[in-house]
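Here the structure is laid out as structure tokens; the discussion comes afterwards.
Just so you know, residue 1 is the first one in the sequence shown, and it goes up from there.
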Amino acid sequence: MSHEMHGPEGLLPLLMAAGYLWLVVRARRRGPWPGWRTGAFLFGVVLVAVALLPPIGPWAHDDFRGHMLQHMLIGMYAPIALVLGAPVTLLLRALPARQARRVTALLRSRAMRVLADPVVALLLSVGVLGVLYYSPLYGVMSGQPVLHHLLHLHFLLAGCLFAWVIAGPDPAPHRPGVPARLVLLGVAVAAHATVSQLMYSGLYLRVDAPAEQIQGAAQIMYYGGDIAELLLAAALVAAWRPARAGADMTSFSSKQAQAVRGPR
């Protein structure tokens, strides 16, 4: 099964990198684009590729520890770098004004406001772990290649959503102040710690794997999750401008204008 899954998943990093670089070329026609943001996004793409391709990819299909390392890379580490690349801001700069307004309207929609709610983002990225590992869902999805692809896609998108809500430079429709986001990040740390400790003990776990694999995976989640969330907190604090604390709640019109000018 592992050989069947390398092809389509190997295309994902290539498509992500090609799409971003194409937008960079278009955006630079209107002015400079920060090279460090391009570097951040491409580093995130590299992390996705490392997680999906050999040697980690095949290992993840045969060993629960490999699966957990893959989950950490796709769902926690890569999203931080991808979000710091400000892809939405880049998209707004690259598109013609009329199409950029459509993207802005989508960001302002009710559905996006619900999806970008910090609590919803937390549940999608962290809360789903309880459902995945403490129900038969993991066994079902591991045995079906298409479902396994979808699981990886969920890890990536949910991780990006949470990173965007917490520390993303792109405009967001429902972003609380920095202190509230730090509290939310603390809740995520506690949730990861609880899931990993329960996993280590094997209590209520519905994963068919040897005990040493389960305990090793729990340690990867515990320590790897802490490091990832510290990095996310550092990104949040580094971008915090106390004098402009109210800027996050300004209208999307002004945020779109800022996006067209480009992030620093």
Checking the side chain of Arg181 only, and the main-chain atoms of Ile166 only, is there a donor and an acceptor separated by less than 3.5 Å? yes
Following the transitive rule for hydrophobic clusters with a side-chain heavy-atom cut-off under 4.5 Å over Ile, Leu, Val, Met, Phe, Trp and Tyr, establish whether Leu12 and Leu150 coincide in one cluster. yes
Taken to the nearest 0.5 Å, the spacing of Ile74 CD1 from Phe155 CZ works out to 8.0 Å
Which residues share a side-chain contact (heavy atoms from CB on, under 4.5 Å) with Ala167, sequence neighbours left out: Leu232, Ala235, Leu236
Using modelled atom types and a 3.5 Å cut-off, is there a donor and acceptor pairing between side-chain atoms of Arg37 and backbone atoms of Leu84? yes
Within the structure provided, determine whether Leu52 and Val48 are in side-chain contact (heavy-atom separation under 4.5 Å). yes
CG on Leu92 to CZ on Arg102, rounded to 0.5 Å: 14.0 Å
Restricting to pairs with a member in residues 120-131, which pass side-chain hydrogen bond (donor to acceptor under 3.5 Å, both in side chains), not counting sequence neighbours? none
Salt bridge (charged side-chain N to carboxylate O under 4.0 Å, His left out): which pairs involve residues 64-84, sequence neighbours left out? Asp63-Arg65
More than 12 heavy atoms of other residues, nucleotides or ligands under 6.0 Å from CG of Asp208: is that the case? no
Qualifying salt bridge (charged side-chain N to carboxylate O under 4.0 Å, His left out) pairs, either residue in residues 163-174, two or more places apart: none
Check for me, please, whether Leu42 and Leu47 land in the same ILVMFWY cluster - side-chain distances under 4.5 Å, paths through other members count. no
Exercise: identify the closest heavy-atom pair between Ala51 and Ile56: O-CG2, 3.6 Å
Looking only at heavy atoms, what is the nearest atom pair of Ala163 and Pro79, with distance? CB-O, 4.0 Å
Just verifying a value: how many Å separate His71 NE2 and Leu129 CG, rounded to the nearest 0.5 Å? 4.5 Å
Do Trp33 and Val25 touch side chain to side chain, with heavy atoms closer than 4.5 Å? no
With sequence neighbours excluded, what pairs up with Pro179 under the side-chain contact (heavy atoms from CB on, under 4.5 Å) test? none
Give a yes or no on whether Tyr222 and Val128 share a hydrophobic cluster (residues Ile, Leu, Val, Met, Phe, Trp, Tyr; joining criterion: side-chain heavy atoms under 4.5 Å apart). no
Under 4.5 Å between side-chain heavy atoms, counting indirect links through other Ile/Leu/Val/Met/Phe/Trp/Tyr residues: same cluster for Ile220 and Tyr223 or not? no
Give a yes or no on whether Met221 and Leu230 share a hydrophobic cluster (residues Ile, Leu, Val, Met, Phe, Trp, Tyr; joining criterion: side-chain heavy atoms under 4.5 Å apart). no
Which of His148, His154, His149 passes ring pair (Phe, Tyr, Trp, His ring centres under 6.0 Å) with His152? It is His148
Sorted by chain and number, sequence neighbours left out, salt bridge (Lys or Arg N to Asp or Glu O under 4.0 Å) with Asp117 holds for none
Under the side-chain contact (heavy atoms from CB on, under 4.5 Å) rule, collect the residues that match up with Leu123, sequence neighbours excluded. Val119
Just how far is it from atom CE of Met68 to atom OH of Tyr133, taken to the nearest 0.5 Å? 3.5 Å
For Ile80 against Ala228, the heavy-atom pair lying closest together: CD1-O, 3.4 Å
With a 4.5 Å heavy-atom cut-off, do Leu132 and Leu151 have their side chains touching? yes
With a 3.5 Å cut-off and sequence neighbours excluded, list the donor-acceptor pairs that the side chains of residues 194-202 form with protein atoms.
| unit_1 | atom_1 | unit_2 | atom_2 | d |
| --- | --- | --- | --- | --- |
| Thr194 | OG1 | Ala190 | O | 2.9 |
| Ser196 | OG | His192 | O | 3.0 |
| Ser196 | OG | Ala193 | O | 2.9 |
| Ser201 | OG | Leu198 | O | 2.8 |
| Ser201 | OG | Leu203 | N | 3.3 |

Nearest atoms (heavy-atom pairs only) where Pro87 meets Phe41: CB-CE1, 4.3 Å
Partner residues of Leu122 under the side-chain contact (heavy atoms from CB on, under 4.5 Å) criterion, sequence neighbours left out: Val126, Phe162, Leu184, Val187, Ala188
Step-by-step side-chain contact (heavy atoms from CB on, under 4.5 Å) determination, Val45 to Leu14: CA-CA 8 Å; Val45 171; Leu14 291 177; over 6 Å; no
Co-members of the apolar cluster containing Val189 [side chain, <4.5 Å]: none
For Leu106, which fellow cluster members are found when Ile, Leu, Val, Met, Phe, Trp and Tyr are connected by side-chain heavy-atom distances below 4.5 angstrom, either directly or through intermediates? none
Is any side-chain heavy atom of Leu91 less than 4.5 Å from a side-chain heavy atom of Leu23? yes
More than 12 foreign heavy atoms under 6.0 Å from OH of Tyr134: is that the case here? yes
Members sharing Leu153's hydrophobic cluster (side chains within less than 4.5 Å): Leu157
Polar side-chain atom of Arg101 near backbone of Pro96 as donor-acceptor pair, under 3.5 Å: no
Indicate yes or no: at least one non-hydrogen side-chain atom of Leu82 is less than 4.5 angstrom from one of Met16. yes
Indicate whether the side chain of His67 and that of Gln213 have a donor and an acceptor atom separated by less than 3.5 Å. no
Locate the shortest heavy-atom distance separating Trp164 from Ala116; write the atom from each residue and the value. CZ3-CB, 3.8 Å
Between CG on residue Asp226 and CE on residue Met76, distance to nearest 0.5 Å: 8.5 Å
For a quick test of reading the model, state the closest non-hydrogen atom pair linking Thr89 to Pro171 and the distance between them. OG1-CD, 3.8 Å
Would you check if the side chain of Arg26 reaches a backbone N or O of Ala94 as a donor-acceptor pair within less than 3.5 Å? yes
Interatomic spacing from OG1 in Thr38 to CZ in Arg28 - rounded to 0.5 Å: 5.5 Å
Please state whether the rings of Tyr138 and Phe64 are parallel, tilted or perpendicular, taking 30° and 60° as the class boundaries. perpendicular
